[in-house]
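Since the structure comes first, as structure tokens, the remarks are kept for the end.
Quick caveat, the model's predicted, so the values are computed rather than measured.
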Amino acid sequence: MFIAIKLGGRAMPISVYNADRFLVGAVLMLVVCHRAGRWRQVEWREACELTGLGFVGHGLTQMAFVSGVVRTSTASSALIWGCTPLVVVSISALLGLERLRARQWLGALVALAGVAAVVVGRGTGFTGQTLAGDGLVLLSVLFLAIYVVWSRSLLARLDLWFVTTWMVCTGAVVMLAWSAPQQSFQLYRSLNLRDWGVLFYGAVFALLVPNLIFLKGIHDVGRARASFFMNAVPLVGYLAGWLFMGETMGPLQLTGGAVIFAGILVSQLNTSVKT
């Protein structure tokens, strides 16, 4: 996902790239959802709630996320993104939806310290642009956490596969509106085969396939165990940045990454207690 956005942002304006990959991904997810018999009719109140949820979860989240990733390093954005589960449980606790143990709060604070170390540990690479990029990725984490907490009531009533498809379709509409000022036929005529390949990769392997694998995982092993693998995102993102983008991290950033992992581990040693 991080590499796709980096490469896509080099081939075309990032808003256009994200709109196109979401449009292709949404059409493919609709086809799969219909063929699997998971699409259903909903009442207008549910449709409004689903659309609002999609606007936050795949609209605002993606606008902040991709705008941030193109401004900062793949490794930094991946490490910050990896804090999403902790932000989710923190918001749930603040809203009274869950009661967290002291160890979980400690894990959240430790991970927050790790994020700070990642952001300021660039040394000479610390600029206004990278700071803005880190801030936008962090904002996207907040939007995503709000989406996850908000979606719980809907997921108690509706099929997860159907909800995910609706979310992606809503995100595609938002992305198309966002990219409209930069869309042009001239832009597409200037794309080469590599650029089209990056767009295909972003739509299929960075959007459609991960969603389908996650839905399959929830079906086979349960939501809790499938969600646990989100914690591998920072490591995968860092390795991808190192292998494919030639990115490196300083000692303070590496320490910050280790601290983030430690915070996540500490927070998961005890499960939350529902109120």
Side-chain angles (χ1 to χ4, degrees), residues 1-31 33 47-74 76-78 80-81 84 87 128-151 154 163-191 195-211 233 237:
M1 175 174 63
F2 300 93
I3 296 298
I5 292 169
K6 280 285 192 182
L7 296 176
R10 294 177 179 178
M12 63 189 79
I14 191 60
S15 60
V16 174
Y17 174 75
N18 218 41
D20 291 348
R21 80 183 187 96
F22 256 78
L23 178 60
V24 176
V27 171
L28 294 176
M29 285 202 70
L30 269 175
V31 172
C33 186
C48 290
E49 188 173 0
L50 282 164
T51 303
L53 187 62
F55 176 75
V56 175
H58 284 285
L60 297 180
T61 297
Q62 282 293 319
M63 289 169 67
F65 178 69
V66 299
S67 298
V69 170
V70 296
R71 289 173 169 83
T72 188
S73 69
T74 302
S76 293
S77 56
I80 295 172
W81 185 260
T84 302
V87 179
Q129 177 169 303
T130 58
L131 180 60
D134 291 337
L136 284 168
V137 175
L138 191 58
L139 180 62
S140 74
V141 169
L142 178 60
F143 285 141
L144 181 61
I146 293 172
Y147 159 75
V148 171
V149 173
W150 183 6
S151 68
L154 272 175
V163 171
T164 301
T165 302
W166 191 298
M167 299 299 99
V168 173
C169 291
T170 303
V173 174
V174 175
M175 292 299 101
L176 286 170
W178 180 40
S179 69
Q182 295 180 298
Q183 294 279 3
S184 70
F185 288 110
Q186 181 62 37
L187 171 65
Y188 293 104
R189 285 197 293 266
S190 67
L191 298 180
D195 296 334
W196 286 108
V198 170
L199 178 59
F200 175 80
Y201 173 84
V204 177
F205 296 103
L207 182 62
L208 175 66
V209 172
N211 274 290
V233 170

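Applying the side chain to side chain contact (heavy atoms under 4.5 Å, CB included) test to L28 and every residue at least two apart in sequence or in another chain returns V24, V204, L208.
Nearest approach of V174 to G59, heavy atoms of both residues: CG1-CA, 3.7 Å. Looking at every heavy atom in both residues, T61 comes nearest to V56 through OG1-O, 2.8 Å. Closest approach of T74 and S77 over heavy atoms only: O-OG, 2.9 Å. Taking all atoms of both residues into account, the shortest heavy-atom contact from A145 to V87 is CB-CG1, 3.5 Å. Scanning all heavy atoms of the two residues, the minimum distance from I80 to V141 falls at O-CG2, 3.7 Å. Counting all heavy atoms, side chain and backbone alike, S151 lies closest to V148 at OG-O, 2.8 Å.
Residues V69 and S140 fail the side-chain proximity criterion, which asks for heavy atoms closer than 4.5 Å. Between I5 and F65, the closest side-chain pair of non-hydrogen atoms falls below 4.5 Å.
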Going through the checks in order, is the side-chain contact (heavy atoms from CB on, under 4.5 Å) test met by C169 and T165?
CA-CA 6 Å; C169 291; T165 302; 4.3 Å; yes
Determine, step by step, whether L50 and T170 satisfy the side-chain contact (heavy atoms from CB on, under 4.5 Å) criterion, reporting the C-alpha distance in whole Å, the side-chain angles of both residues, the deciding distance to 0.1 Å, and the verdict.
CA-CA 9 Å; L50 282 164; T170 303; over 6 Å; no
side-chain contact (heavy atoms from CB on, under 4.5 Å) between W81 and L144, worked out:
CA-CA 10 Å; W81 185 260; L144 181 61; 3.4 Å; yes
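I146 contributes atom CD1, which lies 9.0 Å from atom CG of L60 (distance to the nearest 0.5 angstrom). Taken from CG in L207 to OH in Y201, the straight-line distance is 12.0 Å, to the nearest 0.5 Å. The line from OG1 of T84 to CG of L138 is 9.5 Å long, rounded to the nearest 0.5 Å. Between atom CG of residue L23 and atom CE of residue M175 there is a gap of 12.0 Å, rounded to the nearest 0.5 Å. Atoms CZ and CG, on R71 and L136 in that order, are 6.0 Å from each other to the nearest 0.5 Å.
The list of side-chain hydrogen bond (donor to acceptor under 3.5 Å, both in side chains) pairs with a residue in residues 11-31, not counting sequence neighbours, reads S15-Q182, N18-R21, N18-Q62, D20-Y188, R21-Q62.
Classified by interplanar angle (parallel below 30°, tilted 30° to 60°, perpendicular above 60°), the ring pair Y147/H58 is perpendicular.
Judged by distance alone, with hydrogens and angles left aside, the side-chain atoms of S67 form a donor-acceptor pair with the main-chain N or O of M63 at under 3.5 Å.
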